[in-house]
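These values consider heavy atoms only, across backbone and side chains, with no hydrogens, waters or symmetry-generated copies.
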Amino acid sequence: MANIDKGLFTYPNDTPVVYLECEKAFLALESSEKRYAHHLSKASYYGGLIVLAQTSPESPLIFNLIHQIFSKKTVEEVRDIALNKAGFIEEEFQAFMVYVCGFYTNMGNYKGFGDSKFIPNLPQEKLEALVNALTSSITESNNILELWSLVKDSMFSLDQRKQFLGLGEMGVTTYFSSNCTLKDAEFVNRFFKVRGIEGYNNRCFKHMKNGATTYEIRVASIAPRDNSEPDVFEGASFTMTGGDYSSLLELVNAELEQAKTSASNETEVHMVEKYIESFATGSLDAHKDGSRFWIKNKGPIIETYVGFIETYRDPSGVRGEFEGFVAVVNKPMSAKFSVLVEKAETLLKLLPWDQVLEKDTFLRPDFTSLDVVSFAGSGIPAGINIPNYDEIRQNEGFKNVSLGNVIPASYKDAKMPFVSSEDKALMDKYRVESFEVQVGLHELLGHGSGKLLRREKGELNFDEAAVKNILQAGEELKYYEEGDIYDSVFTTIGSAYEECRAECVGLYLSLDKDVLRIFGHEGDEAEDVIYTNWLSMVFAGVAKALEMYAPATNAWLQAHSQARYAILQVMLEADGLLRIEERTGEDGNPDLLIKLERSKIPTEGKRVIGDFLRKLQVFKATANVKGAKALFDKYTEVKEPWSKWRDIVLARRTPRKLFVQANTEISGEDIILRNYEASPSGLIKSWTDRFAGKEASLYKALTDIYNKDKDQFKF
């Protein structure tokens, strides 16, 4: 550990904590709407605990440990014991508090944005002294000491394989047993394709006995599944089992049943019923049906989605992390997004690819700006385009949501290294407005655009001759075969590649003055918003992306960061558009300066992003993963001077903000919203209140998951 920079794996004591404001939106709801939101929020948070088991083997027990501590003692009481009985100094107690906040916010001990491990920024023996002191001071029954003995080594370990999430020797994952490699994942994907199985709601455990290999595909469900007849495929056996996360899913479904009684229409009732069926039985088809009802539920006051959704953290890019959110529609901003939807067909024609690569019919989605009431998972995004099921997105539709209260909270009091004072002033003034434009275009016309060329029921869904005409000389025509989906074809690069495509769409279309007019920007202000949007992308590529790159394994740890680094490299190829200069900062230390030429953005900038975007779309549409990987690898390779400049970036990095979220509570016949201060104490209090009265059942559920899984993970 002597050569490890522990600063890369700890939260600094000054990590900002911000409150996610939603009171105005919540108080405007009717009584039945508040009740609906309350039970959906509870369902989301109970399900969000599944992320603990999806992150690392030890995370469920670390949760039990810290939650027991702060459920039995207030923050002030723990502080008093730490300082007076465990030998802490104030900085060490603050480090412990920040660690707990980071753990709650990420739902595990690996960062939701970046997949790197974080450990307490204090000596292990100090935390052990606190645990011992707490054990003697808590009179009621507890197993804090036992939990500590089980997690203390893994909590602090920075062994190379444990520094990042990954498959095989590349890191830690609980989506696969620890004896699985990338070859196993590819083999399982082949089996899934042949058998018509998708991986969103399952995990894979490899069992070896007497020289025979059996892959257990364990499905998330309340009901157990006993498939006594193994399915033999290419010399290996596959068994389908159920009951993964069953105790937590029981709590989810109990709240969904309650939510159903307050639904505002039959579509919402059917949607919730299908989610209940999916979590009870493990049926992915039921969740797809629930998603179909969800996209049909146009313009609801309460927007929600719950399930195994995003595949970013599965090393093979197939399995979904549990996520659930509840939000209230922001009508003024939603009105702007509605106009954007109305103009979508016209705007799609501006994109730099041939019509044969675009959907035959654009399925107009619901696009709303939402104020988040509750978001459970490993992090809160700024926007979402869902469902992720290809057959629904391509043929039936989707929804876009912009999480409106997340954006200003994320940018509050932001520090911005590597930009001039003039550019910082523009960023301070227009960063939120420009990001609203970028998110709108990214979600609606980025993720919502483009056709997947495929064979369906023996027929091609495209004009073969027309597609051949747009391919480069000698390039073979490819397409998605029956049983293929985007994630199963693009696997490990799929998430980052698609985020890159969507980000490029946002940049490209943000140059259109009609788009900016929709958002209320005209004249000089529109020009400033364009510049700020492009500068923000460059800033993300320089100041943030390289934090998410691991030189030891040559691996990118976060899809959006890899995407933005690729876009940065594309911009640097443009004639006179962008320069990054190395200099000495005012503090005497190495520094960088971004110089973006405003006048070149609508010409050279548009050209290089357009050319790159067209290539991204051609490779995606034609299932040409080989070509896509070659292109993406070229622009995401970290070479000089960037490998050297990464040290400068890390030296000047700023921590991501941690969000404090409100809780909803039943008070007689009413549902009230309980707010918390924007501080580590407030964040911890919000979490202990969130599960008040349910602690024993949660601790048991998480312990059962740990005990059931522990033999699968030998890192």
Check your understanding: On the ring face of F539, is K544 found with NZ or CZ under 6.0 Å from the centre and within 45° of the axis?
Key -> no
Review point. Do we get K620 above F490's six-membered ring, with its NZ or CZ under 6.0 Å from the centre and within 45° of the axis?
Key: no
Check your understanding: Would you say the side-chain atoms of N533 and Q438 include a donor-acceptor pair closer than 3.5 Å?
Key -> yes
Practice item. Kindly state each residue pair satisfying ring pair (Phe, Tyr, Trp, His ring centres under 6.0 Å) with at least one member in residues 422-447, sequence neighbours excluded. Key: Y411-F435, H442-H447
Check your understanding: Does NZ belonging to K399 count more than 12 external heavy atoms closer than 6.0 Å?
Key -> yes
**Study point:** Nearest non-hydrogen partners of L350 and Y508, listed with the distance
**Key:** O-CE2, 3.2 Å
Point to revise | Between N589 and R652: side-chain donor-acceptor atoms closer than 3.5 Å | key: no
Point to revise | With sequence neighbours excluded, residues passing ring pair (Phe, Tyr, Trp, His ring centres under 6.0 Å) with W534 | key: none
Check your understanding: If you measure only the distance, is there a donor-acceptor pair under 3.5 Å linking the side chains of N109 and Y99?
Key -> no
Revision key, fill the gap. Those residues at least two apart in sequence (or on a different chain) that pass ring pair (Phe, Tyr, Trp, His ring centres under 6.0 Å) with F612 are Y635
Review point. Which heavy-atom pair separates C22 from N405 by the least distance, and what is that distance?
Key: CB-ND2, 4.1 Å
**Study point:** Non-neighbouring partners of F619 that pass ring pair (Phe, Tyr, Trp, His ring centres under 6.0 Å), sequence neighbours left out
**Key:** none
Exercise for review: Looking only at non-hydrogen atoms, find the nearest pair between P352 and G610 and report the distance.
Suggested key: CG-O, 3.5 Å
**Study point:** Heavy-atom neighbours of E581 CD exceed 12 at 6.0 Å
**Key:** yes
Exercise for review: Indicate, with yes or no, if the rings of Y110 and F103 have centres closer together than 6.0 Å.
Suggested key: no
Point to revise | Flag side-chain contact, heavy atom, 4.5 Å: Y531 against E527 | key: no
**Study point:** Ion pair check, R517 and D514, cut-off under 4.0 Å
**Key:** yes
With a cut-off of 3.5 Å and sequence neighbours excluded, list every side-chain donor-acceptor pair involving residues 366-379.
from, atom 1, to, atom 2, distance (Å)
D366, OD2, G299, N, 2.7
S374, OG, S41, OG, 2.7
S378, OG, E321, OE1, 2.6

Exercise for review: With sequence neighbours left out, write down each residue that passes ring pair (Phe, Tyr, Trp, His ring centres under 6.0 Å) with Y19, or none if nothing qualifies.
Suggested key: none
Check your understanding: Y549 and W642: aromatic ring centres closer than 6.0 Å?
Key -> no
